[in-house]
Amino acid sequence: MANRHTIILMQASQNRATRTFMDYESITQAMDGICALYERKLKELNLAIRNLSYDITDLYNFIDGLADMSALVYDSSIHAYLPHDRLWIKQRTFQHLKKLAH
């Protein structure tokens, strides 16, 4: 399941010009990418702080604060991408971070 091409679709604000996508070779890499995106945003907002930390609630608030976020995950059995919503992304990021913590 983890080694499936994944495309993250996102829109940062209500402005349609903020629509973008990021593609990854696996779901795991996609979850890393979402965390890195949040970490970059944290650094932009807190330039003077050298060591930043956050918890899952902060990450969830970031994801919920976006106008839109969804994922397309390739399923080789049907040769198509399956769509997943923001809730799925939040669940997968939680699982991913939990694995990294252990």
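In this text, all values refer to a predicted model and were calculated from it rather than measured experimentally.
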Atom pair [atom1] ([X]) and [atom2] ([Y]), whose distance is rounded to the nearest 0.5 Å:
X     : Y     : atom1 : atom2 : result
Leu9  : Arg19 : CG    : CZ    : 9.5 Å
Thr6  : Tyr81 : OG1   : OH    : 8.0 Å
Leu66 : Asp68 : CG    : CG    : 8.5 Å
Phe94 : Tyr60 : CZ    : OH    : 6.0 Å
Glu39 : Asp32 : CD    : CG    : 9.0 Å
Gln91 : Arg86 : CD    : CZ    : 13.5 Å

Could you check if a side-chain atom of [X] sits within less than 4.5 angstrom of a side-chain atom of [Y], using non-hydrogen atoms only?
X     : Y     : result
Leu72 : Leu82 : no
Trp88 : Val73 : yes
Met22 : Met10 : yes

Between the side chain of [X] and the main-chain N/O of [Y], is any donor-acceptor distance below 3.5 Å?
X     : Y     : value
Asp58 : Asp55 : yes
Ser26 : Gln29 : yes
Thr18 : Ser13 : yes

- request: For residues Leu97 and Cys35, report the shortest heavy-atom separation together with the two atoms involved.
  value: CD2-SG, 3.9 Å

query: Of all heavy-atom pairs between Gln11 and Asn15, which one has the smallest distance, and what is that distance?
result: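 Closest pair (atom of Gln11, atom of Asn15, distance): NE2-O, 3.7 Å.
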
message: Is there a side-chain contact (heavy atoms from CB on, under 4.5 Å) between Met31 and Tyr24? Walk through the geometry before answering.
response: CA-CA 9 Å; Met31 298 308 112; Tyr24 301 93; over 6 Å; no

message: Test side-chain contact (heavy atoms from CB on, under 4.5 Å) on Leu42 and Arg40; report intermediate values, then the result.
response: CA-CA 5 Å; Leu42 266 181; Arg40 279 193 302 275; over 6 Å; no

query: Hey, are Lys90 and Asp64 close enough for a salt bridge, meaning a charged N less than 4.0 Å from a carboxylate O?
result: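 A salt bridge links Lys90 with Asp64.
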
- prompt: Are Phe62 and Ile89 co-members of a hydrophobic cluster defined by side-chain heavy atoms under 4.5 Å apart?
  reply: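 Same cluster.
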
query: Would Leu87 and Ile27 show up in the same hydrophobic cluster when neighbours are defined by side-chain heavy atoms closer than 4.5 Å?
result: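 Cluster IDs for Leu87 and Ile27 differ.
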
field: Residue pair His5, Ile7: steps toward the side-chain contact (heavy atoms from CB on, under 4.5 Å) verdict
entry: CA-CA 7 Å; His5 187 255; Ile7 302 168; 3.6 Å; yes

- request: Give the C-alpha distance, both sets of side-chain angles, the deciding distance and a yes or no for side-chain contact (heavy atoms from CB on, under 4.5 Å) between Ile8 and Phe21.
  value: CA-CA 5 Å; Ile8 301 296; Phe21 73 94; over 6 Å; no

- request: Answer yes if the side chains of Ser77 and Asp75 hold a donor-acceptor pair under 3.5 Å, and no otherwise.
  value: yes

